[in-house]
Amino acid sequence: MYLKAGDEYADGEMALLADLLAMVDKEILRVQEKIKASKDPETDGLLDRGEYFVGIGVTAIQQYFSDTLTLTGIDKKTALELGPKHSKNYSIFQVINAAANYWKHSAEWYSESELRKDAQRTIQVVSEVSGTNYYMLYNSLHALLRSSDVTLCSLLPMLVLWRTAVDGERQRNA
């Protein structure tokens, strides 16, 4: 939850999230360096390790979404459509939400003979954005940032824009 006085935001959750993402980014950057030095990063487990830390980060961002929406009266589906767009099909936050859900739930799907619609949609979004069926979280983050520098903290300016859009929506609905 954020507070706003005039044009200024007091957002303790954003500060906590920024600290957490900076810690996770240190590990992601270490993994990236090890990948560059490795003859076989997949066999060395480095790609899985990087994917794991990206999963932690996007899940923390997903929690920030929920915290931010507290007391705004805006439902999550509407809120995820706000803010910067990744493409004509998805906002950046729809992609992050799908990536977090993929990381949290994909292991459950191996035992299901038929996936629920929400699981199918999650896989569709992450697969489409990542452009692959391998290491989809890292590749989705790469696609969102449109940069070779893949760090979770690079998403923070987009989060600020999203929070501003959420606040604008809240004011329109008040």
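Across every non-hydrogen atom of Thr70 and Asp67, the tightest pair is OG1-O, 3.1 Å. In terms of heavy atoms, Val24 sits closest to Ile56 at CG2-CG2, 4.2 Å. The nearest pair of heavy atoms linking Leu155 to Ile61 is CD1-CD1, 3.6 Å. The minimum heavy-atom distance between Phe53 and Leu152, with the atom names listed, is O-CD1, 4.1 Å. The two residues Ala18 and Cys153 have their closest heavy-atom pair at O-SG, 4.1 Å. Nearest heavy-atom pair across Ala165 and Arg172 is O-NH2, 4.3 Å.
At distances below 3.5 Å, not a single donor-acceptor pair connects side-chain atoms of Ser91 with backbone N or O atoms of Gly83. A donor-acceptor pair is defined here as one N or O able to donate and one able to accept, closer than 3.5 Å; such a pair exists between the side chain of Glu51 and the backbone of Tyr138. For Ser130 (side chain) and Ser127 (main-chain N/O), a donor-acceptor pair under 3.5 Å exists by modelled atom type. Judged by distance alone, with hydrogens and angles left aside, the side-chain atoms of Glu169 form no donor-acceptor pair with the main-chain N or O of Thr164 at under 3.5 Å.
Of the candidates Leu144, Asn97, Val95, Ile96, Val95 is the only one forming a side chain to side chain contact (heavy atoms under 4.5 Å, CB included) with Tyr90.
Between Tyr102 and Val58 there is no side-chain heavy-atom pair separated by less than 4.5 Å. In this structure the side chain of Trp162 never reaches within 4.5 angstrom of the side chain of Ile92, judged on heavy atoms. Side chains of Gln32 and Leu46 form no contact here, defined as non-hydrogen atoms less than 4.5 Å apart. Under the 4.5 Å side-chain criterion, counting only non-hydrogen atoms from C-beta, Tyr64 is in contact with Asp11. Looking at Tyr135 and Asp48, their side chains come closer than 4.5 Å, going by heavy atoms from C-beta outward. Within the 4.5 Å cutoff, the side chain of Trp109 has heavy atoms near those of the Ile123 side chain. Residues Tyr2 and Arg163 are in side-chain contact: their nearest non-hydrogen atoms beyond the backbone lie under 4.5 Å apart. In this structure, the side chains of Pro41 and Lys34 stay at 4.5 Å or more apart for every pair of heavy atoms.
When hydrophobic clusters are built by joining Ile, Leu, Val, Met, Phe, Trp and Tyr residues whose side-chain heavy atoms come closer than 4.5 Å, directly or via intermediates, Leu80 is not grouped with Leu71. Placement of Leu141 and Met158 within a single hydrophobic cluster is found when ILVMFWY residues are connected by side-chain heavy-atom separations under 4.5 Å, directly or transitively. Residues Val166 and Val160 share a hydrophobic cluster, clusters being chains of Ile/Leu/Val/Met/Phe/Trp/Tyr side chains in contact below 4.5 Å. Residues Leu137 and Leu145 fall within the same hydrophobic cluster, defined by Ile, Leu, Val, Met, Phe, Trp and Tyr side chains chained together at heavy-atom separations under 4.5 Å.
We find that Arg170 and Asp167 are joined by a salt bridge, their nearest charged nitrogen and carboxylate oxygen being less than 4.0 Å apart. Ion pairing between Asp118 and Arg116 holds under the 4.0 Å rule for side-chain N and carboxylate O.
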Chi angles and distances behind the side chain to side chain contact (heavy atoms under 4.5 Å, CB included) call for Thr122, His105:
CA-CA 10 Å; Thr122 294; His105 300 292; over 6 Å; no
After noting the C-alpha distance and the side-chain angles of Lys104 and Gln62, does the key distance pass the side chain to side chain contact (heavy atoms under 4.5 Å, CB included) rule?
CA-CA 11 Å; Lys104 293 184 307 184; Gln62 185 185 53; 2.6 Å; yes
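Atoms CD1 and CD, from Ile28 and Glu33 in turn, are 13.5 Å apart once rounded to the nearest 0.5 Å. Atom CD1 of residue Ile35 and atom CG of residue Leu47 lie 5.0 Å apart, to the nearest 0.5 angstrom. Rounded to the nearest 0.5 angstrom, Leu17 CG and Leu156 CG are separated by 6.0 Å. Put simply, CZ on Arg146 and OG on Ser154 are 13.5 Å apart, with the number rounded to the nearest 0.5 Å. Here the CD1 atom belonging to Ile74 is positioned 6.5 Å from the CG atom belonging to Leu69, to the nearest 0.5 angstrom. The CG atom of Asp44 sits 3.5 Å away from the OG atom of Ser38 when rounded to the nearest 0.5 Å.
Relative orientation of the Phe93 and Phe65 rings is perpendicular, given thresholds of 30° and 60° on the angle between their planes.
Lys26 NZ: 12 or fewer foreign heavy atoms inside a 6.0 Å radius. Within 6.0 Å of the OH atom in Tyr52, the count of heavy atoms belonging to other residues, nucleotides or ligands does not exceed 12. Surrounding CD of Glu8 are at most 12 heavy atoms belonging to other residues, nucleotides or ligands under 6.0 Å away.
Summarising the hydrophobic clusters (Ile, Leu, Val, Met, Phe, Trp, Tyr; side-chain heavy atoms under 4.5 Å, direct or chained), the residues clustered with Leu16 are none.
Between the side chains of Gln94 and Asn89, not a single donor N or O lies within less than 3.5 Å of an accepting N or O.
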